[in-house]
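Here's the structure we're looking at; comments come further down.
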Amino acid sequence: MAKNLVIVESPAKAKTISQFLGKDYIVKSSFGHIRDLPKKGLSIDIDHDFKPDYVISPDKTKIVKELKDSAKDAIVWLASDEDREGEAIAWHLTQALKLDPKTTNRIVFHEITKNAILKSLENPRVINLDLVDAQQARRILDRLVGYELSPILWKKIQRGLSAGRVQSVAVRLIVEREREIASFRAQSSFKTIGIFAKNDQKFNAELSVRLKEYDQEVKPWLNDIKNAEFKVKEITEKPSVRNPSSPFTTSTLQQEASRKLGFSVRQTMSVAQKLYENGHITYMRTDSTILSEEALDAARSYIINNFGDKYYHKRQYLTKDTNAQEAHEAIRPTNFNERTIADNYENKLYQLIWQRTLASQMSSSITNKTEAVISVSGKEEVFVAKGEVLKFDGFNKIYKNSFDDIFLPSLKPGEKLNWQEIKSSEIFSKPQARYSEAALVRRLEQLGIGRPSTYAPTISTIQNRGYVEKRDLEGKSVKIRVVTQTPEKLIETNDEITQGSDKNKLIPTSIAEVTNDFLVEYFTNVLDYDFTAKVEDNFDKIAQGKINWVEVITNFYKSFHPLIETVESISRQEISKMRAVGVDPKDNQTIYARLGRFGPMLQKGSTDQGEDIKPLFAPMPKNKTIETVTLAEALVAFSLPRVVGKTKDNLEIKANIGRFGPYLQIDGKFISIKDQDPHTISLEDALHYYQAYQEKEAQKNIKQYKNGLKILNGPYGPYVTDGKKNARIPKDTDPMKLNESEAKDILKNYVPKKRYRAKKK
DNA sequence: CAGTGAGCGAGCTTCCGCTTGACTT
């Protein structure tokens, strides 16, 4: 029996560490937190100093039992991460394993090396209870905010919604960015490029200003220079030094994998997890850019051996983020000599990590930049030609993307230049870009909101709750004006570009618009971009022993909770923000967009026209929101149901959109037409759907027994039914071979899965 | 399953942060 039990957070870490320690040690993992507030109910005693009611997390009971057994008769070393959460994990372990937090050994290390572990065992301390209190304050504040705000949303906006310190700010960022884009008015200007020549070598130079007005400025300017003289005014040459980027943190890895590999943040984390578990990289959830001495040494030998001395440059990158907790190293390979990984996805991500880490320890690249200013006779504006020639590739050696030199011919000041054409093309200013998943993570990190372990789950949550959709946007084709001056003549042409298209971006829904505006109006403080930063200051003071955590939470709750009571009296209607979209020219009725009980919708006419006159309703067109839907789109939405035509049997075919998407209605039957537009579906297509439906109906009956007992083919496969109860037939059973009593048994023993759905009236 | 749109009712949903692994697609 081992005499010592070391407890860490991650099982992969436990495996590595146990190799460093002798037989007297067993190393086990807690798999993160083992105790928490229960999922159900607030579980905080508001009236008694916010006393939390912690329980062993349901999925951790087995682990806690194992740890308890191992801890018997052993000296326990709590080796969770050295940060606020890690300290709390250590404390919860003392509570669950019945250890004394004042005397139990607490050890910490920042790198998983034999030296670091042995050193930590020689220098144990006890749990820092102030730091534990800071974590409790964080946990309790998040529970109070989340569990008091969310029920308000269920009541006032829609069931199942959620709000929280992190997710609600994430949604706010996305809603506000979309509004910036919607209100953006593009400015037109003209970019002017000249093609010049010296001897036989052509080169480009750009006019130093953008011309604005086509008729008053661009055309006259180009006309004027037809006979102008172009001369080299001055030439400057200077070296340009570029430094490598810092090693990866979770957030920068997610950004790079998104940009270069097209990975979602979830995908990046899942692939990185595998690389970590197989020992290829260090821990993947970190906010630190620090490399261990061991890694620095290994990088040094690799670079010197493979590229030579002049490519090596030792650098340590200090983490800029002030909220960083730095329990881990940067993300790096564990062995630089390992060049490829068998799995394709793992290999792709590994290459990014390998390159970025080694590059961070390499020399800067040096290029020579040349700038030639070209004057135009009779004009104040000048052309500027830029050249860049690589002198030393440095860290770029790793990336292998070849640098394309831009050579300028050797020019002398005062020299006269020939020219071939000067071309002005219209360009439009662009609004801020929509957030991609990775860009949102970056913004949240800048604001100090969220942690490396929560970025991916947060992105999923705001999508699962229906606040945000990740999708593409079609652009619009826009005409641009181009005017070209050659030594002979002025040529005017038009060109076409696509504007406003987007791929895989986060776009807010109507629910997000309404929820965000409600929260920002009534819970301004919590929705503030610096709310987290402010409460973090208080958590730091708790950690330093300067304030009591109960005092911090009491103060917060005193200002927060009354707001919850205030909003109780606000009506749904007030929150749902009716927007007048426009007037239907056919009947002069106003069309409104608003959020109803079942989601965003359009309404024609108001509800207070008297008893007999009821407004018409229509579902919100796909990918449109209360704010973005136009009158034209709304009018189309009200044109349903549409009569498509008739079947051969003279039955009317109607197309409409219902609760479950677009459908055809024929002879009282409903036929789903996913991916088809009921406004435009042709009679021919509709008949195809009808035919397929009839064929399927014909195949529906598999077998029939006595007393109405039947086997039918349903959308989820074959099932038994007696007309009242349905039961799925197991996958490995052939429905054709079932006899009556077997079918009866299946029906009798079937326990339907619990599902909650809207009640029918 | 192809309606609806106010509020009530019973029972339900919900936070953030630390870890994997068992699921389905």
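A, B, ... follow the sequence lines: proteins, then strands. Residue 1 opens every chain.
Here A:Ala88 lies out of heavy-atom contact (under 4.0 Å) with every strand. At the heavy-atom level, A:Pro457 lies nowhere under 4.0 Å from the strands shown. Across all strands, A:Gln167 comes closer than 4.0 Å only to sugar-phosphate atoms, never to a base (heavy-atom distances). Residue-level contact check: A:Gly164 touches the backbone only, with heavy atoms under 4.0 Å from sugar-phosphate atoms and none from bases. Contacts of A:Gln273 with the nucleic acid, taken as non-hydrogen atoms under 4.0 Å apart, involve only primed sugar atoms and P, OP1 or OP2. Residue A:Tyr276 is classed as a sugar-phosphate contact, given heavy-atom separations below 4.0 Å to backbone atoms only. Note on A:Gly450: only backbone sugar-phosphate atoms sit closer than 4.0 angstrom, heavy atoms only; bases stay farther off. Using a 4.0 Å heavy-atom criterion, one finds that A:Leu161 contacts the sugar-phosphate atoms exclusively. Within the 4.0 angstrom heavy-atom criterion, no nucleotide atom of any strand lies near A:Asn656. Note on A:Ser162: only backbone sugar-phosphate atoms sit closer than 4.0 angstrom, heavy atoms only; bases stay farther off. Backbone-only engagement by A:Glu277 is indicated by non-hydrogen atom pairs under 4.0 Å involving sugar-phosphate atoms exclusively. Heavy atoms of A:Val145 sit nowhere under 4.0 angstrom from any nucleic acid atom.
At a cut-off of 3.5 angstrom, counting only N and O atoms as typed in the model, there is no donor on one side facing an acceptor on the other between the side-chain of A:Arg165 and the base of B:dC15. One donor-acceptor pair, N or O on each side, does fall under 3.5 Å between the base of B:dC16 and the side chain of A:Arg138. Interface remark: the A:Arg139 side chain does form a donor-acceptor pair with the B:dC15 base, using a distance-only criterion of under 3.5 Å.
B:dT13 atom P lies 12 Å from atom CZ of A:Arg143, rounded to whole Å. Atoms CG (A:Asp142) and P (B:dC15) sit 11 Å apart, rounded to a whole Å. Atom CZ of A:Phe31 and atom C1' of B:dA22 are 13 Å apart (whole Å). Rounded to whole Å, the distance from NZ on A:Lys60 to P on B:dC18 is 13 Å. Going from atom CD of A:Glu87 over to atom P of B:dC18 covers 14 Å, rounded to whole Å. Protein atom OH of A:Tyr455 is 10 Å distant from nucleotide atom P of B:dC18, rounded to whole Å. Atom CG in A:Asp287 sits about 14 Å away from atom C1' in B:dC18, given to the nearest Å. Atom CD of A:Glu574 is separated from atom P of B:dA6 by 14 Å (rounded to the nearest Å).
By the 5.5 angstrom centroid cut-off and the 30-degree plane limit, A:Trp154 is classified as stacked against the base of B:dT13. Between the side-chain ring of A:Tyr147 and the base of B:dT14, a stacking contact exists by the 5.5 Å and 30° definition.
Of the side-chain N and O atoms in A:Thr461, none sit less than 4.0 angstrom from OP1 or OP2 of B:dC15. For B:dT19, the OP1/OP2 oxygens have a side-chain nitrogen or oxygen of A:Tyr283 closer than 4.0 Å. Between A:Arg451 and B:dC18, a side-chain N or O to OP1/OP2 separation shorter than 4.0 Å is present. In this model, the phosphate group of B:dG3 is approached by a side-chain N or O of A:Tyr663 to a distance below 4.0 Å at OP1 or OP2. The shortest distance between the side-chain N/O atoms of A:Arg594 and the OP1/OP2 oxygens of B:dA6 is below 4.0 Å. The phosphate of B:dT19 (OP1 or OP2) has a side-chain N or O of A:Arg285 nearer than 4.0 angstrom. Contact between the side-chain N/O atoms of A:Arg465 and the OP1/OP2 oxygens of B:dC15 is found at a separation under 4.0 Å. Residue A:Ser10 has no polar side-chain atom (N or O) positioned under 4.0 Å from OP1 or OP2 of B:dT19. Proximity of A:Thr454 to the phosphate of B:dG17: a side-chain N or O atom is located under 4.0 Å from OP1 or OP2.
In this structure, A:Arg172 satisfies the cation-pi test against A:Tyr529, with its NZ or CZ atom closer than 6.0 Å to the six-membered ring centre and inside 45 degrees of the ring normal. Cation-pi contact between A:Arg138 and A:Trp549: absent, since separation from the ring centre below 6.0 Å together with deviation from the ring axis within 45° is not met. The side-chain tip of A:Lys604 points at the ring of A:Phe638 from less than 6.0 angstrom away and within 45° of straight on.
Nearest to the side chain of A:Lys40, among B:dG5, B:dC16, B:dT13, sits B:dT13. In the set B:dT13, B:dT14, B:dT19, B:dT13 carries the atom at the smallest distance from any side-chain atom of A:Arg159.
In terms of position along DNA chain B, the nucleotide closest to A:Ile657 lies nearer the 5' end than the nucleotide closest to the other residue of the pair A:Ile657 and A:Ser150.
To the nearest 0.5 Å, atoms CZ (A:Arg143) and CD (A:Glu148) are separated by 11.0 Å.
Annotation: side chain of A:Val468 is not in contact with side chain of A:Thr509 (no heavy-atom distance under 4.5 Å). Counting heavy atoms from C-beta outward, A:Met620 and A:Ile626 have side chains that approach closer than 4.5 Å. By the 4.5 Å heavy-atom criterion applied to side chains, A:Arg285 and A:Met269 are counted as neighbours.
Between A:Tyr689 and A:Tyr693, the distance separating the two ring centers is not shorter than 6.0 angstrom.
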